[in-house]
Engineer: 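Can you keep this structure in mind? I'll have questions shortly.
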Amino acid sequence: MIEWRHRFKKGGEAVAPEKLFTVPEAAALLSIAPKTLTDWLRAGKIRGVKVGRSWRVPESAINEVAQSGTRKE
C-alpha cells in the first residue's frame, strides 16, 4: 500500500492523503481475481492510477465499488 503525501485541491488547500493499493491488494479487499480488477481498470469501470506499468487503486474507488458495484458506462 502506498500513501500520497502531497495532494492539493484547486486553490492550494491541502487534502488528506489517500491510500493506494496494488492490484493484488485491492482485488483481495473486493474478493475478486486480480485479472478481473485489471480488466475493470482498463475498461474504466473502476478508478485507478497507472504508475509505470503497474496500476494503483485509491481506497475511495474500492469503497465505491464495495458499496455500489462498478461504474456503469
Side-chain angles (χ1 to χ4, degrees):
M1 174 182 58
I2 298 172
E3 192 172 313
W4 288 103
R5 296 197 183 275
H6 302 290
R7 297 222 17 181
F8 295 95
K9 276 188 177 176
K10 197 174 188 177
E13 181 182 329
V15 178
E18 181 160 19
K19 295 176 186 171
L20 296 176
F21 294 89
T22 63
V23 169
E25 291 170 339
L29 291 170
L30 293 169
S31 299
I32 60 173
K35 172 77 169 95
T36 300
L37 181 56
T38 301
D39 291 344
W40 288 359
L41 287 161
R42 288 183 181 144
K45 294 182 178 181
I46 184 172
R47 288 183 298 111
V49 178
K50 196 85 188 261
V51 179
R53 291 175 28 179
S54 303
W55 284 97
R56 297 294 185 265
V57 183
E59 184 175 31
S60 60
I62 295 169
N63 292 336
E64 289 170 12
V65 171
Q67 291 175 2
S68 62
T70 59
R71 292 191 324 205
K72 304 293 184 220
E73 294 297 320

Engineer: Mind listing the closest non-hydrogen atom pair of Leu20 and Pro58 along with its distance?
Structural biologist: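 Where Leu20 meets Pro58 most closely, the heavy atoms are CD2-CA, 3.6 Å.
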Engineer: Would you list the atom pairs, donor with acceptor, under 3.5 Å between side chains in residues 27-37 and any protein atom, with sequence neighbours excluded?
Structural biologist:
{"unit_1": "Lys35", "atom_1": "NZ", "unit_2": "Asp39", "atom_2": "OD1", "d": "2.8"}
{"unit_1": "Lys35", "atom_1": "NZ", "unit_2": "Asp39", "atom_2": "OD2", "d": "3.3"}

Engineer: What are the two closest heavy atoms between Ser60 and Glu18, and how far apart are they?
Structural biologist: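 Nearest pair, atom of Ser60 first, then Glu18: OG-OE2, 2.5 Å.
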Engineer: If you compare all heavy atoms of Ala26 against all heavy atoms of Ile62, which two are closest, and at what distance to 0.1 Å?
Structural biologist: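 So the two residues come closest at CB-CD1, 3.7 Å.
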Engineer: List the atom of Trp55, the atom of Lys50, and the distance in Å for their closest heavy-atom pair.
Structural biologist: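 Nearest heavy atoms, Trp55 then Lys50: CE2-CD, 3.6 Å.
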Engineer: So Arg56 and Thr22, do their side chains get closer than 4.5 Å, heavy atoms only?
Structural biologist: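 Yes; the side chains approach each other to less than 4.5 Å.
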